[in-house]
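This report concerns only the one structure given below.
Worth knowing before you read on, the calculation uses all heavy atoms, side chains too, and leaves out hydrogens, waters and symmetry mates.
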Amino acid sequence: MGWWQVNADTLAGSRFLLSPLAETFASLQLLHRGAAGRLGAHPGEQAWLRTHLPAYRALLADDPVTALLVRAGLGRDWIADFLTPTPLDGESFEEGVARVRATAPGEARAHLRVSLGGRALPAALEGDDVPERAARLLEYVWGDAVRPYWDRRRRVLEADVVARTAQVSRGGWAAVLDALRPGTRWLGENRLQVNLHEYPPREISGAELLFVPVTPRSGWVSWDEPARRYAVVYPCAGALAGTGERAAVPAGLGALLGGARAQVLVLLDSPLSTTQLTAVTGQGLGSVGRHLKVLLDCGLVERRRAGRSVLYSRTGAGQVLVEAAAGSVTARD
């Protein structure tokens with residue numbers, strides 16, 4: 001397994017941040033899996049793929065060199081490093097992709113050889129246009145398949161960050177790290193396992209450690225060793241992914257609060273904005289706002305700001321109420 005040696009000060013100073021480039025690369029990975037016939041089970045991802053996969057397949061069919069680049073760069077066990085530069089605070093997609101484009105051609109080819117696991121680099125990828133091709137592909141994915149949804153996705157990602165931050169305060173970093181993504185967990189003795197691959201450990205104490213959520217079910221690690229910056233990219237919480245599935249509301253809770261208001265309270269297991277609640281519940285914005293005001297006045301939910309969004313989540317009292325209602329259903333069953 002791969003793990004990083006992280007001292008307490010480094011972990012305490014670690015931060016969550018959002019990256020449009022990371023979101024775009026994760027979306028490219030999803031398109032790549034879809035093009036190979038691996039559509040997965042996530043309803044939201046399936047709907048997105050049905051919309052964008054045909055054009056992506058057509059693009060690769062018309063550009064076989066870029067198709068080779070995708071297959072080489074998204075290796076089975078390793079991603080070509082130049083495709084996933086370590087995110088920077090406040091970096092726009094355009095600024096991020098400029099770093100991909102600025103990669104030295106020889107360095108990009110070296111990264112591709114690593115991602116190929118020792119297999120020979122296809123002759124078509126020996127040219128100096130590899131970084132430019134990669135940048136153009138990422139620009140296509142961003143413009144066609146990510147930017148139209150970015151405002152909504154950003155709100156989902158902000159909600160995930162708020163939820164993880166609250167989890168740190170409740171259960172400490174170990175609880176958060178164990179739940180980030182498969183293969184990531186806190187091993188104790190200042191060791192953070194970042195994947196299941198057999199790679200040498202890295203000493204990153206004193207470095208900048210970042211956690212970067214993305215909405216597709218994807219994840220990777222990246223680092224900029226000269227700058228001592230390390231990042232763990234992880235899929236945001238499944239409940240926030242916006243599949244459109246409605247949460248089950250215990251009958252007793254619905255009778256007490258009203259079905260629509262109870263549904264809002266049940267959904268606030270993870271922080272959500274009024275816009276997200278409107279989308280998930282199918283209720284009107286005004287109705288959601290009225291339900292939230294009542295729940296706030298009763299002390300069952302609380303609100304906090306995350307970036308440009310105001311996010312709502314259950315308080316301890318709200319949690320007890322939901323759990324009690326769910327427990328009564330289980331006892332009758």
Side-chain angles (χ1 to χ4, degrees), residues 1-2 16-53 56 60 69-87 91 93 96-97 100 111 115 134 137-142 144-150 152-161 163-164 176-185 192-197 199 210-223 230-243 270:
M1 63 186 173
F16 291 90
L17 63 81
L18 308 188
S19 169
L21 181 63
E23 180 74 12
T24 300
F25 183 79
S27 299
L28 172 61
Q29 287 182 306
L30 181 55
L31 287 167
H32 180 64
R33 293 195 298 269
R38 303 191 300 275
L39 298 184
H42 191 305
E45 290 182 349
Q46 288 183 6
W48 180 83
L49 283 169
R50 284 194 295 271
T51 299
H52 298 286
L53 191 54
Y56 175 75
L60 295 189
L69 172 59
V70 174
R71 289 195 293 271
L74 277 63
R76 185 175 61 185
D77 295 321
W78 194 264
I79 298 167
D81 287 352
F82 81 101
L83 296 174
T84 57
T86 304
E91 183 177 57
F93 170 79
V97 80
V100 176
H111 292 173
S115 65
L137 178 62
L138 289 167
E139 287 170 339
Y140 164 78
V141 176
W142 166 254
D144 184 73
V146 177
R147 185 170 56 189
Y149 312 97
W150 177 241
R152 181 185 63 81
R153 290 191 183 194
R154 177 178 50 76
R155 290 192 294 268
V156 169
L157 297 172
E158 288 174 347
D160 181 87
V161 169
R164 306 281 181 180
V176 175
L177 297 174
D178 288 350
L180 274 183
R181 66 186 183 98
T184 300
R185 64 190 180 99
L192 169 59
Q193 178 181 312
V194 295
N195 56 43
L196 299 175
H197 302 309
Y199 297 125
L210 306 169
F211 297 100
V212 184
V214 292
T215 60
R217 292 185 173 181
S218 183
W220 62 88
V221 295
S222 66
W223 52 78
Y230 295 78
V232 177
V233 179
Y234 67 91
C236 71
L240 300 176
T243 64
S270 295

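Expressed to the nearest 0.5 Å, how far CZ of Phe211 lies from OG1 of Thr184 amounts to 8.5 Å. We find the CD-CG distance between Glu158 and Leu18 to be 6.0 Å, quoted to the nearest 0.5 Å. Taken from CG in Asp144 to CD in Glu139, the straight-line distance is 13.0 Å, to the nearest 0.5 Å. The distance from atom CG of Leu180 to atom CZ of Arg164, rounded to the nearest 0.5 Å, is 5.5 Å. We find the OG-CD1 distance between Ser218 and Ile79 to be 6.5 Å, quoted to the nearest 0.5 Å. Here Arg152 contributes atom CZ and Thr215 contributes atom OG1; the two are 7.0 Å apart, rounded to the nearest 0.5 Å.
Looking at residues two or more places apart in sequence or on another chain, you find a side chain to side chain donor-acceptor pair (under 3.5 Å) between Tyr234 and Asp160. Judged as a side chain to side chain donor-acceptor pair (under 3.5 Å), and not counting sequence neighbours, the contacts of Arg153 are Glu23, Ser27.
When all heavy atoms of Leu28 and Leu138 are compared, the pair lying nearest together is CD2-CD2, 4.1 Å. The heavy-atom pair separating Ser115 from Ala72 by the smallest distance is OG-O, 2.6 Å. Nearest heavy-atom pair across Pro87 and Ala231 is CD-CB, 3.9 Å. Taking each heavy atom of Leu30 and Leu49 in turn, the nearest pair found is O-CD2, 3.8 Å. Minimum heavy-atom separation, Ala35 to Tyr56: CB-CE2, 4.1 Å. Pairing each heavy atom of Phe82 with each of Val100, the nearest pair is O-CG2, 3.7 Å.
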Apply the test side chain to side chain contact (heavy atoms under 4.5 Å, CB included) to residues Thr24 and Trp150: give CA-CA distance (whole Å), side-chain angles for both, the deciding distance (0.1 Å), then the verdict. CA-CA 10 Å; Thr24 300; Trp150 177 241; over 6 Å; no

Evaluate side chain to side chain contact (heavy atoms under 4.5 Å, CB included) for Thr86 paired with Tyr230, printing each intermediate quantity in order. CA-CA 7 Å; Thr86 304; Tyr230 295 78; over 6 Å; no

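At least one donor-acceptor pair closer than 3.5 Å links the side chain of Asn195 to the backbone N or O of Gly2.
In this structure, Val70 and Leu137 have side chains that are in contact, with non-hydrogen atoms separated by less than 4.5 Å. A heavy-atom distance below 4.5 Å is found between the side chains of Val232 and Arg181.
Between Trp220 and Phe25, the distance from one ring center to the other falls under 6.0 angstrom.
Checking Val156, Val161, Val214 one by one against Cys236, the side chain to side chain contact (heavy atoms under 4.5 Å, CB included) holds for a single residue, Val156.
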